[in-house]
Amino acid sequence: MTDQSTNASWGGRFSEPTDAFVARYTASVEFDQRMYRQDIQGSIAHATMLCKVGVLTEQERDDIIKGLTEIQADIEAGNFNWSVELEDVHMNIEAALTAKIGITGKKLHTGRSRNDQVATDIRLYMRDEIDVISAELTRLQQGLVDLAEREADTIMPGFTHLQTAQPVTFGHHLLAWNEMLERDFARLQDCRKRVNQMPLGAAALAGTTYPIDRHLTAELLGFDAPTENSLDSVSDRDFAIEFTAAASLIMMHMSRFSEELVLWASAQFQFVDLPDRFCTGSSIMPQKKNPDVPELVRGKTGRVYGHMISLLTLMKSQPLAYNKDNQEDKEPLFDTVDTIRDSLRAFADMVPHLQAKKEFMREAAMRGFSTATDLADYVVRKGIPFRDAHEIVGKAVAYGLETGKDLSEMTLEELKQFSDEITEDVFDVLTLEGSVAARDHIGGTAPDQVRAAAGRARKKLSDR
């Protein structure tokens with residue numbers, strides 16, 4: 001007879017209860033209870049399938065579904081007592097079901113194991129969260145595209161090595177961010193395809209002797225297909241690693257955005273003004289307006305990178321099939337989900353309200369000889385080889401440094417000392433407006449091209 005002080009789900013083989021500390025140490029319910037909806041969803045589909053194949057009666061199926069539905073309502077109303085002694089979300093719900101409907105509740109676990117149950121729950125959870133994260137990412141992209149279209153004519157310096165390179169527009173720069181996020185969205189959707197495979201039915205590791213219909217269960221749960229191999233089904237966590245890798249790329253991009261916003265909002269740049277509600281002040285310096293949201297996003301990037309390494313390390317030495325190590329997949333995965341979702345949400349709320357300080361952007365673009373490449377291209381069009389044109393413009397820049405003049409501020413006579421090919425029409429290319437307008441090709445900086453690119457981006461977003 002089973003010792004009633006041991007765990008009811010597996011205590012038959014044991015002669016003494018689990019040490020209280022070990023019970024706490026091995027329990028996961030404090031963090032995996034967030035998967036209660038997915039656990040109940042999976043159990044309802046499993047019971048429905050068991051009834052269809054004749055393992056459960058219709059009355060038993062109905063009792064189980066009714067009981068699980070009531071348990072979900074109790075959890076969401078805050079009336080459910082989670083027990084560490086019951087280890088995890090699965091056993092807590094199953095025990096509550098048995099207490100509610102009697103012996104029929106014990107039949108629910110027929111033909112499955114906690115191994116395939118948890119693997120299914122995680123996939124259902126990840127599928128839901130990828131959809132939420134994708135929606136937040138799309139919302140951020142919509143804000144970027146709208147702002148880019150409004151700022152298609154706003155001139156700012158483009159940088160390489162954080163040195164003034166060539167004039168661009170703020171709208172063009174924002175659309176560069178959007179391109180990064182577009183790739184991120186595609187990676188999430190690709191990841192979702194591999195998440196959306198159903199391991200339920202693999203049982204502990206070798207399948208089950210019951211006449212289950214895995215295709216029916218997969219259909220009920222919205223999976224694309226059941227997994228092919230029972231050993232791999234319960235032990236695979238590639239999808240979790242892949243998600244954290246995709247999340248790491250998103251956070252890397254968000255950190256790059258953040259770095260630029262932090263710089264641009266500083267008194268040294270004054271390119272943008274961040275909404276007050278996304279900033280804080282200083283406890284001692286009354287003039288301060290600190291860009292806390294971008295700084296926190298930049299800081300949180302490291303924890304997501306760490307979670308990816310944690311999961312890779314977790315899986316690197318595991319023999320087939322399931323091992324208790326895999327319980328350690330959830331906390332880094334859950335924190336990655338929370339971090340990426342909240343970071344995207346904060347930016348999606350903030351970005352549409354960025355205010356460009358156009359006069360400061362333009363003034364910065366005037367510094368650093370940003371139209372030097374335009375002058376070189378101009379001289380080349382006059383028939384001079386590019387390497388010679390490069391040297392000519394280099395000498396003009398050196399002269400500008402000596403005299404404190406930008407290229408556009410030099411007289412025609414001053415410019416002609418470097419090449420006789422330079423004529424009055426040179427000033428058409430030396431203006432900031434002329435420079436950005438000259439790059440009138442797909443992917444270029446011309447304001448009309450920026451607006452066209454924003455239109456294409458908006459159509460992609462609307463087609464999702």
Side-chain angles (χ1 to χ4, degrees), residues 7-9 24 27-51 56 59-102 104-109 112 114 116-136 139 192 195-196 198-200 217-223 240 243 327 329-346 348-349:
N7 188 299
S9 69
R24 291 195 306 275
S28 60
V29 67
E30 289 186 357
F31 50 83
D32 69 16
Q33 61 182 262
R34 70 162 63 192
M35 297 192 299
Y36 73 88
R37 289 189 188 89
Q38 290 79 20
D39 193 73
I40 289 172
Q41 180 185 3
S43 291
I44 288 174
H46 184 64
T48 302
M49 180 276 295
L50 289 177
C51 176
L56 293 178
Q59 185 60 56
E60 288 171 331
R61 175 202 62 197
D62 293 346
D63 289 346
I64 287 171
I65 292 175
K66 181 175 182 291
L68 289 170
T69 303
E70 291 174 356
I71 288 170
Q72 180 166 336
D74 288 341
I75 294 172
E76 291 174 350
N79 297 326
F80 189 89
N81 294 318
W82 297 99
S83 169
V84 171
E85 286 70 26
L86 290 170
E87 294 189 51
D88 55 33
V89 61
H90 324 294
M91 289 313 304
N92 268 266
I93 290 174
E94 184 177 322
L97 179 67
T98 301
K100 184 180 286 287
I101 67 172
T104 299
K106 295 183 177 182
K107 296 184 178 183
L108 173 60
H109 208 54
R112 73 177 182 184
R114 278 193 295 177
D116 63 339
Q117 186 179 359
V118 66
T120 301
D121 286 3
I122 295 174
R123 286 174 181 268
L124 287 170
Y125 172 82
M126 285 307 307
R127 187 178 70 187
D128 291 344
E129 291 298 333
I130 286 173
D131 290 345
V132 171
I133 290 166
S134 296
E136 288 298 327
R139 193 164 67 90
R192 192 186 190 282
V195 168
N196 206 34
M198 189 196 73
L200 198 60
T217 312
E219 182 181 348
L220 291 170
L221 290 172
F223 283 110
F243 171 77
Q327 182 172 297
D329 65 351
K330 295 173 192 63
E331 288 177 287
L333 186 59
F334 293 163
D335 189 70
T336 297
V337 165
D338 293 344
T339 301
I340 196 76
R341 183 190 60 232
D342 292 350
S343 296
L344 286 168
R345 183 170 298 167
D349 289 343

Any side-chain heavy atom of Met126 sitting closer than 4.5 Å to one from Arg192? no
Under a 4.5 Å cut-off applied to non-hydrogen side-chain atoms, are Leu333 and Lys330 in contact? no
Between Ile65 and Thr48, is any pair of side-chain heavy atoms under 4.5 Å apart? yes
In Å, rounded to the nearest 0.5 Å, how long is the span from OG of Ser83 to CG of Asn92? 5.5 Å
Report yes if the side chains of Lys100 and Lys66 come closer than 4.5 Å at any heavy-atom pair, otherwise no. no
Decide yes or no on side chain to side chain contact (heavy atoms under 4.5 Å, CB included) for Ile64 and Leu56, but give the supporting numbers first. CA-CA 10 Å; Ile64 287 171; Leu56 293 178; 3.8 Å; yes
Please identify which of these residues, Gln41, Arg34, Gln38, meets the side-chain hydrogen bond (donor to acceptor under 3.5 Å, both in side chains) condition with Tyr125. Arg34
What is the distance from atom CD of Glu331 to atom CD of Glu30, rounded to the nearest 0.5 Å? 9.0 Å
Between Phe80 and Gln33, is there a side-chain heavy-atom distance shorter than 4.5 Å? no
On a heavy-atom basis, which atom in Leu220 and which in Ala45 lie closest, and how many Å separate them? CD1-O, 3.7 Å
Residues Lys107, Glu60; criterion side chain to side chain contact (heavy atoms under 4.5 Å, CB included); working and verdict: CA-CA 9 Å; Lys107 296 184 178 183; Glu60 288 171 331; 2.4 Å; yes
State, to 0.1 Å, how close Gly67 and Ile101 come at their nearest heavy-atom pair, and which atoms those are. CA-CG2, 4.3 Å
For the CG atom on Asn79, are there more than 12 heavy atoms of other groups (residues, nucleotides or ligands in this structure) within a distance under 6.0 Å? yes
Please determine whether side chain to side chain contact (heavy atoms under 4.5 Å, CB included) holds for the pair Asp88 and Met91, giving the CA-CA distance in whole Å, both sets of side-chain angles, and the decisive distance to 0.1 Å. CA-CA 6 Å; Asp88 55 33; Met91 289 313 304; 3.5 Å; yes
Any ion pair linking Arg341 and Glu136 (charged N to carboxylate O, less than 4.0 Å)? no
If we count only N and O atoms by modelled type, under 3.5 Å, do the side chains of Arg112 and Ser43 hold a donor and an acceptor together? yes
Could you check Asp121, Thr120, Leu124 and say which one makes a side chain to side chain contact (heavy atoms under 4.5 Å, CB included) with Leu200? Thr120
Taking everything shown except Glu219 itself, do over 12 heavy atoms lie less than 6.0 Å from its CD? no
How about Val195 and Phe243: do any of their side-chain heavy atoms sit closer than 4.5 Å? no
Looking at side-chain heavy atoms only, is the closest gap between Gln117 and His46 below 4.5 Å? no
Closest approach of Arg61 and Ala47, non-hydrogen atoms and distance? CG-O, 3.9 Å
Could you check whether any side-chain N or O of Arg139 sits under 3.5 Å from a backbone N or O of Ser134, counting only pairs where one atom can act as donor and the other as acceptor? no
Indicate the atoms forming the closest heavy-atom contact of Ile93 with Asp39, along with that distance. CD1-OD2, 3.6 Å
Using modelled atom types only, decide if a donor and an acceptor are shared between the side chain of Asp32 and the backbone of His90 within a distance under 3.5 Å. no
Ion pair present between Glu94 and Lys106, side-chain N to carboxylate O less than 4.0 angstrom? no
Between Arg37 and Asp128, is the closest basic N to carboxylate O distance under 4.0 Å? no
With a 4.5 Å limit on heavy-atom distance, are the side chains of Ile75 and Trp82 in contact? yes
Heavy atoms only: give me the nearest Gly105-Thr98 pair and the separation to one decimal. C-OG1, 3.5 Å
Residues, nucleotides or ligands: over 12 heavy atoms within 6.0 Å of Glu76 CD: yes
Specify the closest pair of heavy atoms between Met198 and Leu221, including all atoms of both residues, with the distance to one decimal. SD-CD1, 4.2 Å
Are Gln327 and Phe31 close enough, and set up right, to give a side chain to side chain contact (heavy atoms under 4.5 Å, CB included), and what steps lead you there? CA-CA 10 Å; Gln327 182 172 297; Phe31 50 83; 4.2 Å; yes
